[in-house]
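The structure appears right after this line, and notes come after that.
Remember, it's a predicted structure, so these values are computed and weren't measured experimentally.
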Amino acid sequence: MSAARDQLATPLSVARSLRVLGTHVSNWRKLNRLTAAQVAERSGISRDTLRAIEQGKGTVSMENLFRVLRTIGIMDAVVKAADPYETDVGRLRMDEILPKRVRD
């Protein structure tokens, strides 16, 4: 039972990144001069869900996170940041790993 519990524990680096992302979301909301109520309403989520995102809780669905990112205007940048072809390594390895139909 202890091993199963250890697997469920959130790694420190993940917990830290959740908190940092939550702070960034909160800061973007404020820079856009939006209240939490406005972002929640425009995103189609509850204030509690927005609070969980901004506090870095790992319990929020990806869809709800992306709804908020879209509302505060950074969704496309976040998606682009995860694109492996935006990195030197991704571009170098693309030809050796992916079939041509995926690269196009």
With a cut-off of 6.0 Å (strictly less than), are more than 12 heavy atoms of other residues, nucleotides or ligands near CG of Leu31?
yes

Atom pair CG/OG1 of Asn27 and Thr23 - distance to nearest 0.5 Å:
6.5 Å

Rounded to the nearest 0.5 Å, what separates atom CE in Met75 from atom CZ in Phe66?
7.5 Å

How long is the straight-line distance from NE2 of His24 back to CD1 of Ile72, given to the nearest 0.5 Å?
10.5 Å

Any side-chain to backbone donor/acceptor pair from Asn32 onto Trp28? Under 3.5 Å, distance only.
yes

Using a cut-off of 6.0 Å, state whether more than 12 heavy atoms not belonging to Arg70 lie near its atom CZ.
no

Rounded to the nearest 0.5 Å, what's the gap from CZ on Arg67 to CE on Met62? Could you check?
13.5 Å

Can you sort out the partners of Thr87 under side-chain contact (heavy atoms from CB on, under 4.5 Å), two or more places apart, ordered by chain and number?
Val89

Is there a continuous path of hydrophobic side-chain contacts, each under 4.5 Å between heavy atoms, that joins Ile45 to Val78?
yes

Side-chain ion pair, Lys80 and Asp83, N-O less than 4.0 Å:
no

List, one per line, each side-chain donor-acceptor pair under 3.5 Å for residues 48-56, sequence neighbours excluded.
unit_1	atom_1	unit_2	atom_2	d
Asp48	OD1	Arg51	NH1	2.5
Thr49	OG1	Ser46	OG	3.0
Glu54	OE1	Arg29	NH2	3.3
Glu54	OE2	Arg29	NE	2.7
Gln55	OE1	Lys57	NZ	2.8

In a table with atom names and distances, give each donor-acceptor pair under 3.5 Å that connects a side chain of residues 13-22 to protein atoms at least two apart or in another chain.
unit_1	atom_1	unit_2	atom_2	d
Ser17	OG	Ser13	O	3.0

